[in-house]
2 protein chains.
Amino acid sequence: MPRSRKQPLTTPPAEVRPPAQQAENFRRSRCDRALEVAQDYVEAIADLTATLGEARVVDLARQMGVTHVTVNRTLARLKRAGFVNTKPYRAIFLTRAGHQLADECRQRHKTVVAFLHSLGISERTAELDAEGIEHHVSPETLAAFERRLKQH
Amino acid sequence: MPRSRKQPLTTPPAEVRPPAQQAENFRRSRCDRALEVAQDYVEAIADLTATLGEARVVDLARQMGVTHVTVNRTLARLKRAGFVNTKPYRAIFLTRAGHQLADECRQRHKTVVAFLHSLGISERTAELDAEGIEHHVSPETLAAFERRLKQH
DNA sequence: TTAATTTTGTAACCAAGGCTACATTTGCGT
DNA sequence: ACGCAAATGTAGCCTTGGTTACAAAATTAA
Ligand SMILES: [Mn+2]
Ligand SMILES: [Mn+2]
Ligand SMILES: [Mn+2]
Ligand SMILES: [Mn+2]
């Protein structure tokens, strides 16, 4: 067995998060984090297709701020996951599932940005923070954001 | 050269995010993501020290929902980064910098949870979402959250 | 004191997501 | 028709963060 456990010097604060439940929170957070890249990519592919007519590797690399190598390998994963269809040296197309995910993400992104903006946060900061926050907003929280937006 | 670029079929939507700026958003988001683990660990170490008297590898593993191996290697990184002091088979202690980071994170965590709760979001969901959101909340956004909380 | 159990450490593996360097393909301009 | 520059693909490297399996140390219990 290990060392005996030192007792806390001060009484523990009232807000005790049971370790098992807190572990669940972290698991959810990690799960969300694993989906961030997929969500940002399909969103970017949809955006690029809308503005440029098609999404190519080089555009995606510029948009994401990474090299084309990273884009290539990420696209391979997205293909395996069934979100995109790619053929060598051809433009990238979203599958039906990819389109659906992209629409969800675009809508959520817009909502999060608008919500932050409605709190008096600057356009730039709203965009910056939303890019990360959006991936951790549950349906319940998203609904609360929309509720507030409708109330102006 | 590559394929000629197909023109967009519909006129691009007004909200054109310049790729260079959007790339900056993604870079910030990735940067935040890289710090998530460090922040969650120092926060957990501070919590455990407060409630149990000390933070040990096994407690941290339970709290984070990972194996003790993952905890060990993460602690090695945190040590390199100057946030914790560890000795073999001994409890884990935060450095001065670690304490400072932990305090920041605990305060921000509390604020984010309280803010979500103030929107009518359930206790459980607020905790779940906050665990991820907190790492992407800039000082400006945090200030906006606090502002709203003071207004009740 | 000695044995059992828990805790801690370590070795080896994996996937994701970043990179540089180099090869191949493509399509435009001459 | 051809050559060249841009785009794309591929090989190989790195760090992070997860795992299982096994070894060693520490504390408790007998
Ligand atoms: Mn994003
Ligand atoms: Mn987005
Ligand atoms: Mn967190
Ligand atoms: Mn937290």
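Scope of the values below: all heavy atoms of this structure, side chains included, with no hydrogens, waters or symmetry mates. Each chain gets a letter, A, B and so on, in the order the sequences are listed, and its residues count up from 1.
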Practice problem: Return yes if some donor-acceptor pair links the side-chain N/O of A:Thr141 with the main-chain N/O of A:Val137 below 3.5 Å, else return no. | Solution: no

Exercise. Give one of base, sugar-phosphate or nothing for A:Val69, where a contact means two heavy atoms less than 4.0 Å apart.
Key: base

Self-check item: Closest to the B:Tyr41 side chain, choosing from C:dG9, C:dT25, D:dG18
Solution: D:dG18

Quiz item: Roughly, in whole Å, what's the span from CG in B:Asp59 to P in C:dT6?
Solution: 15 Å

Quiz prompt | B:Asp32 CG to D:dT16 C1', straight-line distance once rounded to whole Å | solution = 16 Å

Exercise. Send over the distance from A:Gln39 CD to C:dG17 C1', rounded to a whole Å.
Key: 16 Å

Practice problem: Rounded off to whole Å, could you give me the CG-to-P distance for the B:Leu78 and D:dT15 pair? | Solution: 17 Å

Practice problem: Let me know the distance between CG of B:Leu35 and C1' of D:dT15, rounded to the nearest Å. | Solution: 14 Å

Quiz item: If you measure from the ring centre of B:His68 to the centre of the six-membered ring in the base of C:dT7, is it under 5.5 Å, with the planes under 30° apart?
Solution: no

Quiz prompt | Whole-Å distance separating the CZ atom of A:Arg56 from the C1' atom of D:dA6 | solution = 9 Å

Practice problem: Answer with yes or no whether B:Arg73 presents, from its side chain, a donor or acceptor under 3.5 Å of a partner atom in the base of D:dG18. | Solution: yes

Quiz item: If you find the nucleotide of DNA chain C closest to B:Leu75 and the one closest to A:Glu36, which residue's nucleotide is nearer the 5' end?
Solution: B:Leu75

Quiz item: Going by distance alone, is a donor N or O of one side chain under 3.5 Å from an acceptor N or O of the other, for B:Glu127 and B:His109?
Solution: yes

Exercise. Return the value, rounded to whole Å, for the distance between atom CE of B:Met64 and atom P of D:dG17.
Key: 10 Å

Quiz item: Between C:dG17, D:dT16, D:dT19, which one does the side chain of B:Arg80 approach most closely?
Solution: D:dT16

Exercise. Using whole Å, report how far CZ of A:Phe26 lies from C1' of D:dG18.
Key: 16 Å

Exercise. Could you verify whether a donor N or O on one side chain and an acceptor N or O on the other, from A:Glu36 and A:His136, lie under 3.5 Å apart?
Key: yes

Exercise. Give B:Arg30 one of three labels, base, sugar-phosphate or nothing, depending on what nucleic acid heavy atoms sit under 4.0 Å from its own.
Key: sugar-phosphate

Quiz item: Just by distance, with hydrogens left out, do B:Gln22 and B:Asn25 show a side-chain donor and acceptor under 3.5 Å apart?
Solution: yes

Quiz item: If you look at every strand shown and take non-hydrogen atoms under 4.0 Å, does B:Arg33 touch a base, only sugar-phosphate, or nothing?
Solution: sugar-phosphate

Quiz prompt | Shortest side-chain distance from B:Val66, nucleotide among C:dA16, C:dT7, D:dT19 | solution = D:dT19

Self-check item: Sidechain-backbone polar pair: A:Arg148 side chain, A:Ser118 backbone, donor-acceptor under 3.5 Å
Solution: yes

Self-check item: Residue B:Pro88, side-chain heavy atoms: nucleotide from C:dG9, C:dT7, D:dG12 that is nearest
Solution: C:dG9

Quiz prompt | Side chain of A:Tyr89 (C-beta onward), nearest among C:dT24, C:dT8, C:dG27 | solution = C:dT24

Quiz item: Would you say the side chain of B:Glu24 lies within less than 4.5 Å of the side chain of A:Arg124, judging by non-hydrogen atoms?
Solution: yes

Quiz item: Closest to the A:Val57 side chain: D:dG18, D:dT8, C:dT8?
Solution: D:dT8

Quiz item: Does B:Thr70 put a side-chain nitrogen or oxygen below 4.0 Å from OP1 or OP2 of D:dG18?
Solution: no

Quiz item: Of all the choices, D:dA7, C:dG18, D:dT10, which nucleotide is nearest to the side chain of A:Asn72 once you look at every atom?
Solution: D:dT10

Quiz item: Reckon B:Arg27 touches a base, only the sugar-phosphate, or nothing at all at heavy-atom distances under 4.0 Å?
Solution: nothing

